[in-house]
Structures are given as C-alpha cells and as structure tokens.
Amino acid sequence: MTQASEQRTLSVPDGLAGERVDAAIARMFGVSRTRAADLIAGGLVRLDGHDVGKSDRVLPGAVLDVTIPSLVDPLEVVPEIVEGIKIIHDDDSIVVIDKPVGVAVHPSPGWGGPTVVGHLAGAGFRIATSGASERQGIVQRLDVGTSGVMVIAKSEHAYSVLKNAFRHRTVDKTYHALVQGHPDPLQGTVDAPIGRHPKHDYKFAVMADGRASVTHYETLEAHRFASLLEIHLETGRTHQIRVHMSALKHPCVGDLTYGADPVLARRVGLERQGLHAVKLGFTHPDSGDEVEYESTYPDDLAAALEVIRDAH
C-alpha cells in the first residue's frame, strides 16, 4: 500500500519565535499537537534541512518542510493479505500469530507498509473494537524489524483481560536475541529506566527520568563474534531489549540504529535486529487455562546464527 501525502514548506513567522517545533507545526499547518509530534517521530519534518525533535525550538525565518500523509487514511486500516503472517492459534476470544519482519502491528504516520491489523481484516477476522481505531484489539506490539509470536484480542472481554495482564506483568514474554560479543556476567538483569532519546525522536535511551524497565537475560550460546541470549521481559517498553543490550555495549546484531557493527551485519546477512519473540505464555481470557505459544526462527535469523556458529 502506498500512502498519499502532501509536501508543504513554510517559513516560521516572527510570532512563533522560540516555540517548540511540534507547537509551531500545529499552528502553521492546522494539525493537532499530537499529530505534529507523530509527524516528527515519523521523520516527516525537517527544519532548515535537518531532522528535528519535537521539543526543539524554532527561530523566525527558519524553513519547515513537512510531509503530511493524506488525512483521509494515514491511520486507516486497509484490508490486505500479508504474505508470511502465520496463524498459530485462533478461537472466539484471541488469535495468536507469527509476525514476519517488515510488518508493523498497526498503521502509523510515516508507515505505508503492511500491517498485522490490515492482514487480519483482509483475512476476515473480527477483532475487538476496544482501543484507537487503527489499533483495535492490539494488546502488545512488536517492532517492524522484530519477528515472532504475538496475541491479538478478538472479543472485548479478551481485550480487557489481556490488557490488564500485560499491565500487571503476568504475561511470560520470551525472546531470543543474537547480540555482539559476550555479556559479562553471562546472565543477569538490566534494571534501567527508558525514555525517548533527547536528540533523536525515533530512538529511545536509558534516561534517569524514563519509565521503569526491567530485562532478564541468560546466555544460551557464546561464539567468537556474538552470543545467543534468552530474554524475559518484566516490562514492555518500546525498543526495550534493543536499548538495554545497547546500554550493555552488546547491541543486537544488525541493529544499526542502536550501534551494531554494519560489517558484522553484512557478514551474517542480517538486514534487521537479531531479535525474535519465541514464546508467549498467559492465562487464557475465557477458559482461565495457562496457555503458551511458540514461534521458530525465521530463515534470516536461522541463517545468521549458522554463520556465527561456524565462525572461527
């Protein structure tokens, strides 16, 4: 799906001197402050030819270039079958899927590619109507570049129960990560708050005033250039594993956004972060049974791991 957009360029008037960029865009382009922040986060705003953060300030005469996705459908769910999405489990209250790389969970400004909710709509699934219109039924998210198992709520009851389960940390979320080097100690816990990066709105970082974030890791395999870790998330912050591994100086292989070595990424053939959601366990919202769903490695991650294992 290609999303229509409008390119607009305006000079900042004297009356907005010193305003935050998101506030200035809202005033100048007639969009909400929230939408302005989303456009900035999506990399759709440039100030005098440079990327900006929403809290940057504007000077009079500065040139704002803004790409505004068509307001008709920037967040519209377009029914569209997405190749590679597998249904692991389906019943009246939930559907569990195996998400491939390159698929977003739901539409967002700046993303015109395939989505999980679009696939489910195209495949005829009825999803819970709770939540914002573009993310109805969504109780968890995986990054575009992260593959693996995730659950979507089909009934309103399931949405409520699962939302609470994720909020109260009773869901068992297990990931495997291929990281550079060898974490020391070989197993441990990273307890470090995460917030939006002060200079790059599309990134996150360990920040003193961030939200509490706890990641448990254990080394499964240690090889010459990289290690395979099993990771359990206690919290579920955006980019949490990627940020915490980068903070340990062991970024996920292929995760160039968070400091991975591009040479190693090319060598193992990874064009995304080496991160896969392998297992998801929770209390079924209807039956009350403890259920667990698993996903095997996709081809690119399996191939990268073989290269790492064979490296001498």
Side-chain angles (χ1 to χ4, degrees), residues 1-3 42 75-90 94-108 110-125 127 134-154 162 166 171 173-179 202 226 228-231 233 236 238-242 245 251-258 260 265-266 268-282 292-308:
M1 177 187 66
T2 303
Q3 190 167 281
L75 299 180
E76 180 186 346
V77 175
V78 177
E80 175 184 43
I81 297 294
V82 179
E83 187 178 347
I85 291 182
K86 299 177 192 149
I87 305 298
I88 297 174
H89 172 84
D90 176 35
I94 60 172
V95 56
V96 181
I97 70 160
D98 195 345
K99 187 188 88 66
V101 171
V103 179
V105 173
H106 57 72
S108 62
W111 176 255
T115 65
V116 169
V117 292
H119 173 81
L120 293 174
F125 286 86
I127 302 303
E134 77 280 5
R135 61 185 79 174
Q136 289 178 349
I138 297 300
V139 291
Q140 66 162 141
R141 285 184 284 184
L142 295 178
D143 295 343
V144 170
T146 299
S147 50
V149 62
M150 64 175 291
V151 62
I152 300 98
K154 292 174 71 175
L162 288 172
F166 277 100
V171 178
K173 298 169 284 188
T174 307
Y175 293 76
H176 282 184
L178 192 58
V179 304
Y202 61 90
L228 179 67
L229 308 184
E230 179 162 294
I231 293 175
L233 287 185
T238 304
H239 297 184
Q240 179 173 321
I241 295 172
R242 301 167 64 190
M245 291 302 108
C252 294
V253 175
D255 194 357
L256 306 189
T257 299
Y258 287 103
R266 283 196 298 273
V268 302
L270 269 185
E271 297 182 355
R272 51 94 167 206
Q273 61 266 17
L275 186 58
H276 183 70
V278 294
K279 195 183 302 179
L280 192 64
F282 52 90
E292 190 173 82
Y293 303 99
E294 298 187 29
S295 164
T296 55
Y297 295 164
D299 291 346
D300 64 339
L301 194 55
L305 187 54
E306 285 307 311
V307 173
I308 291 294

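Starting from 1, each residue takes its place in the sequence as its number. Values below: every heavy atom of this structure, side chains too, minus hydrogens, waters and symmetry copies. Note that the structure is predicted; figures quoted are calculated from it, not measured.
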Supply the atom-to-atom distance S295 OG to I88 CD1, rounded to the nearest 0.5 angstrom. 5.5 Å
Hey, mind stepping through I308 and L178 against side-chain contact (heavy atoms from CB on, under 4.5 Å) and telling me if it holds? CA-CA 9 Å; I308 291 294; L178 192 58; 4.1 Å; yes
Between K173 and A277 (side chain of the first, backbone of the second, donor and acceptor by atom type, cut-off under 3.5 Å), is there such a pair? no
In Å and rounded to the nearest 0.5 Å, what is the CD1 to SG distance from I241 to C252? 7.0 Å
Yes or no on side-chain contact (heavy atoms from CB on, under 4.5 Å) for E271 and R266, after CA distance, side-chain angles and deciding distance? CA-CA 8 Å; E271 297 182 355; R266 283 196 298 273; over 6 Å; no
If you define the side chain from C-beta out and look only at heavy atoms, does anything of I231 sit under 4.5 Å from T174? no
Is there a donor-acceptor pair under 3.5 Å between the side chain of K86 and the backbone N or O of K99? no
Using every non-hydrogen atom in the two residues, find where P114 and V82 come nearest and quote the distance to one decimal. CB-CG2, 3.7 Å
Shortest non-hydrogen contact from L280 to Q140? CD2-OE1, 3.2 Å
Is D143 salt-bridged to R272, going by a charged N under 4.0 Å from an acidic O? no
Measuring only between side-chain heavy atoms, which start at C-beta, is V116 closer than 4.5 Å to L120? yes
Show your working on side-chain contact (heavy atoms from CB on, under 4.5 Å) between Y297 and H176 and close with a plain yes or no. CA-CA 9 Å; Y297 295 164; H176 282 184; 2.5 Å; yes
What pair of heavy atoms forms the shortest contact from A177 to L275, and how long is it? CB-CD1, 3.8 Å
How about T115 and H106: does a side-chain donor come under 3.5 Å of a side-chain acceptor? no
Note: G137 and I152 closest approach over all heavy atoms is O-CG2, 3.4 Å
Please name the pair of heavy atoms, one in G254 and one in A260, separated by the smallest distance, quoted to 0.1 Å. N-CB, 3.8 Å
Taking the side chain as every heavy atom from C-beta outward, state whether Y293 and D98 have any atom pair closer than 4.5 Å. no
Just so I know, are the side chains of Q273 and P251 near enough to count as touching, which here means a heavy-atom distance under 4.5 Å? no
Minimum-distance pair of heavy atoms, taken over all atoms of A153 and I127: O-CG2, 3.2 Å
Do R242 and T257 touch side chain to side chain, with heavy atoms closer than 4.5 Å? yes
Report yes if some heavy atom in the side chain of M245 is under 4.5 Å from a heavy atom in the side chain of D255; otherwise report no. no
Going by the rule side-chain hydrogen bond (donor to acceptor under 3.5 Å, both in side chains), which residues pair with E306 if we only count those two or more places apart in sequence or in a different chain? R309
Within-4.5 Å side-chain heavy-atom neighbours: Y175 and V278: no
Using side-chain heavy atoms (C-beta onward) and a distance below 4.5 Å, is I94 in contact with H89? yes
So V139 and V151, side-chain contact (heavy atoms from CB on, under 4.5 Å) or not? Walk me through it. CA-CA 7 Å; V139 291; V151 62; 4.0 Å; yes
Tell me if a side-chain donor or acceptor on H276 pairs with a main-chain N or O of T146 at a distance below 3.5 Å. no
Once side-chain contact (heavy atoms from CB on, under 4.5 Å) is applied, do any residues pair with I81, and if so which ones, sequence neighbours excluded? H119, A123
